[in-house]
Amino acid sequence: MSGIGFVGEPIIVDSGNVEYSKDEIISRYEYREARVVGNRVTPLNENLIFKTQRHVPKTGVLLVGWGGNNGTTLTAGILANKLKTTWMTKEGEHHSNFLGSICRSVTMRVGIDHNLQPVYAPLFNVIPILDPVDLEIWGWDISSMNIADAMNRAKVLDYDLQRKLYPELKDMVPWPSVYSEDFIAANQCDRADNIIRGNKQEQLDTLRQNIRDFKQQRGIEKVIVLWTANTERYAEIRAGLNDTADNLLGSIEANEAEIAPSTLFAVASILEGCTYINGSPQNTFIPGVIELAERHQILIAGDDFKTGQTKIKTVLSDFLINSGLKLCSIVSYNHLGNNDGKNLSAPKTFRSKEISKSGVIDDVICANRLIYGENEHPDHCVVIKYVPYVGDSKRAMDEYTSEIFMGGRNTIVLHNTCEDSLLAAPIIMDLILLAELCTRIQIKRVEDEEFSRMHPILSILSFLLKSPQVPEGSPVVHSLFNQRYSITNFIRALVGLPPETFMLLEHKIP
Ligand code: NAD
């Protein structure tokens, strides 16, 4: 399209507020907010300094649930991009791509050119972001199947692509994992043939050793651990059991049954200094885990990848309510036939998913007291059914009913069919790449002596997560575009650019 510019190489910001050294980008940034007391609103400015390490370290990711649909699709997809694999389907030749990734397939506006036209750049040309093809990937699974056969079992990728990647993946065999049949559906037991024996402390020690070996044997500088294993039931939170970091560590030592496998992975990861990401809905981040992460200043992010239906829900509810329409009912049906669907067919694991999917419109509702009363909320019903025949090709059917002008009703019905794991894999990749970037960022107020790392709870990744974890007291933002611009505006701040305002005043002043 004419007029719109594109920067295809790393940008350099020319400003007295930004310094590029060999190792770092230092940006002095004025953060603007407004304090409200009663009806008095006072603009506030806070002077911050961001410091971003430019060197992207050799990074490895350890996937928990590596042999599942997401784990194999991500591994095969990144490998195919690395090898520039092409494959045939009845439509012709296909080329590997990273569609669905904001780090690799999205651009952000960086400014205007001399004709006042917008100029865009990929995120990785604004700030250094790891190239996914350089990621080292390994992981754990309770199923011992190698990643090539597991990719075939998943039935996600085209046959010819599977055939081409098979030899590259066949020697990748997941490490044994921690299995507790109490935490996932009983129907998963037939694939659990790859299990770490011993008590919880011994299991934790094994996981920690695995992480250390991975790092050492491959010369990896930074490891990120990501849970993409089956959804667990919620763990009970109890005083003395897991309410503090010390109680949690004590409970692991005492081999308490209520410590979930995912909690052991989070603890192992934190104790080994690795960022931990939870891609499923369960409450891995019990208070003891959060305190442990804060104590060790380790970044954590979760919960539950935001892929299809929820993404649309956070767009549509924003669109309807911020158009002044009163959204009164959302009914969402899913049916899917992959192993995730099989696991979610048990009431206790479905409940974790239901909780995760239910809160996603709270922020838009609470922000509008003109159309919703204090405790008023739309009806919101979530149904998930397991239908083996449709495999990974998940169906999502949604109905949104709103009250409109002068007693009218507006009903929108959507039917979405999509390979679940092909939506999830690029999101998992973005979580890894952006979490890695966050580990290279330090921040301070101008008057502070020392820089500190980002807050351990990475709310900046909310765009990619259904039920975002945020620091205590921080509002949870669900609206998709607010989440997206919080990422790109944050990246702009790292290089001393003002936030995107969309005002286009240069075209409005005569
Ligand atoms: P999957 O069932 O294909 O894969 C999960 C894998 O985890 C399996 O290989 C299983 O053997 C393994 N596993 C189970 N318990 C384990 C443990 N304790 N340790 C190690 N491995 C274990 O499921 P999937 O489709 O890959 O989805 C993975 C997770 O991601 C699910 O919890 C799902 O709810 C969540 N999720 C998926 C999407 C999506 O769009 N695909 C979206 C949001 C969340």
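Every number for a ligand or one of its atoms is a count from 1 in the order of the listing.
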Q: Please indicate whether any nitrogen or oxygen in Y179 is less than 3.5 Å from any nitrogen or oxygen in ligand 1.
A: no
Q. Of N339, N338, T73, which meets side-chain hydrogen bond (donor to acceptor under 3.5 Å, both in side chains) against D392?
A. N338
Q: Write out the residue and atom name of the closest protein heavy atom to atom 2 (O) of ligand 1, then the distance separating them to 0.1 Å.
A: N339 ND2, 2.7 Å
Q) For atom 30 (O) of ligand 1, which protein heavy atom lies nearest, and how many Å away is it? A) N70 ND2, 3.4 Å
Q: Please write down residue, atom name and distance for the protein heavy atom closest to atom 40 (O) of ligand 1.
A: D420 OD1, 2.9 Å
Q.
Below 3.5 Å, N or O to N or O, backbone or side chain included: is there any such pair between A424 and ligand 1?
A. no
Q. What atoms in ligand 1 come closer than 4.0 Å to a heavy atom of V64?
A. 19 (N), 20 (C)
Q. Would you say the side chains of Q209 and D213 form a donor-acceptor pair under 3.5 Å?
A. yes
Q.
Please evaluate residues R212 and E272 with respect to the criterion salt bridge (Lys or Arg N to Asp or Glu O under 4.0 Å), reporting the C-alpha separation (whole Å), side-chain torsions for both, the decisive distance (0.1 Å), and the verdict.
A. CA-CA 8 Å; R212 284 198 288 266; E272 288 305 315; 2.7 Å; yes
(Q) Checking side-chain polar atoms at under 3.5 Å, does D318 have a donor or acceptor matched by the opposite partner on H478? (A) no
(Q) For atom 35 (C) of ligand 1, which of the options P176, G279, S262 provides the nearest non-hydrogen atom? (A) G279
Q) Under 4.0 angstrom from ligand 1, any heavy atom of N343? A) no
(Q) Tell me whether E436 is salt-bridged to K222, with the criterion being a basic N under 4.0 Å from an acidic carboxylate O. (A) yes
Q) With a 4.0 Å cut-off, would you call E258 and R233 a salt bridge? A) yes
(Q) If the contact criterion is a heavy-atom separation under 4.0 Å, does W227 count as touching ligand 1? (A) yes
Q.
Can you name the atoms of ligand 1, numbered from 1 with element, that are less than 4.0 Å from a heavy atom of G65?
A. 6 (C), 7 (O), 12 (C), 20 (C), 21 (N)
Q | Given V225, I277, I290, L458, the one that forms side chain to side chain contact (heavy atoms under 4.5 Å, CB included) with I300 | A | I290
Q. Do G71 and ligand 1 have an N or O pair less than 3.5 Å apart?
A. no
Q. With atoms numbered from 1 as shown, which atoms in ligand 1 lie under 4.0 angstrom from a non-hydrogen atom of T307?
A. 40 (O), 42 (C)
Q) If we only count N/O pairs under 3.5 Å, is F265 in contact with ligand 1? A) no
Q) Pairs in or reaching into residues 453-476: which pass side-chain hydrogen bond (donor to acceptor under 3.5 Å, both in side chains), with residues at least two apart or in two chains? A) D303-Q469
**Q.** Nearest-contact summary for atom 11 (O) of ligand 1 - protein heavy atom, Å
**A.** D141 OD1, 2.6 Å
Q.
Show the atoms of ligand 1 that are less than 4.0 angstrom away from any heavy atom in N69.
A. 1 (P), 3 (O), 4 (O), 25 (O), 26 (O)
**Q.** Which of the ligand 1 atoms, numbered from 1, are nearer than 4.0 Å to a heavy atom of V178
**A.** 17 (C), 18 (N), 19 (N)
Q: Evaluate the criterion side chain to side chain contact (heavy atoms under 4.5 Å, CB included) for residue pair Q203 and T206; output intermediate values, then yes/no.
A: CA-CA 5 Å; Q203 290 171 339; T206 304; 5.6 Å; no
Q) Can you tell me the protein heavy atom closest to atom 19 (N) of ligand 1 and the distance? A) S177 OG, 2.6 Å
Q: Provide, to 0.1 Å, the distance between atom 14 (C) of ligand 1 and the closest protein heavy atom, together with that atom's residue and name.
A: N230 OD1, 3.1 Å
Q. Atom CG of N69 and atom CG of L336: how far apart are they, to the nearest 0.5 Å?
A. 9.5 Å
Q) At what distance is the nearest protein heavy atom to atom 29 (C) of ligand 1, and which residue and atom is it? A) A229 O, 3.3 Å
Q | Residue-ligand contact D304/ligand 1, heavy atom below 4.0 Å | A | yes
Q. Does L241 reach the side chain of I286, with side-chain heavy atoms less than 4.5 Å apart?
A. no
Q. Nearest protein heavy atom to atom 4 (O) of ligand 1, by residue and atom, and its distance?
A. G68 CA, 3.1 Å
Q) For ligand 1, which atoms, with element, lie under 4.0 Å from some heavy atom of S280? A) 29 (C), 30 (O), 31 (C), 32 (O), 35 (C)
Q. Quick one: does R484's side chain get under 4.5 Å of V106's, heavy atoms only?
A. yes
Q) Would you say the side chains of T284 and Q282 form a donor-acceptor pair under 3.5 Å? A) yes
(Q) Under 4.0 Å from a heavy atom of G67: which atoms of ligand 1 are those, numbered in the order shown and with their elements? (A) 9 (O)
Q) How far apart are the C-alpha atoms of S486 and I460, what are their side-chain angles, what is the distance that settles it, and do they pass the side chain to side chain contact (heavy atoms under 4.5 Å, CB included) test? A) CA-CA 7 Å; S486 93; I460 189 82; 4.1 Å; yes
Q. Is any N or O atom of D392, backbone or side chain, closer than 3.5 Å to an N or O atom of ligand 1?
A. no
Q: Please could you name the atoms of ligand 1 that K466 approaches to less than 4.0 Å, counting only its heavy atoms?
A: 43 (C)
Q | Pairs touching residues 145-163 that satisfy side-chain hydrogen bond (donor to acceptor under 3.5 Å, both in side chains), sequence neighbours left out | A | W87-D158, S143-R153, N146-D149, D149-Y166, D160-R163
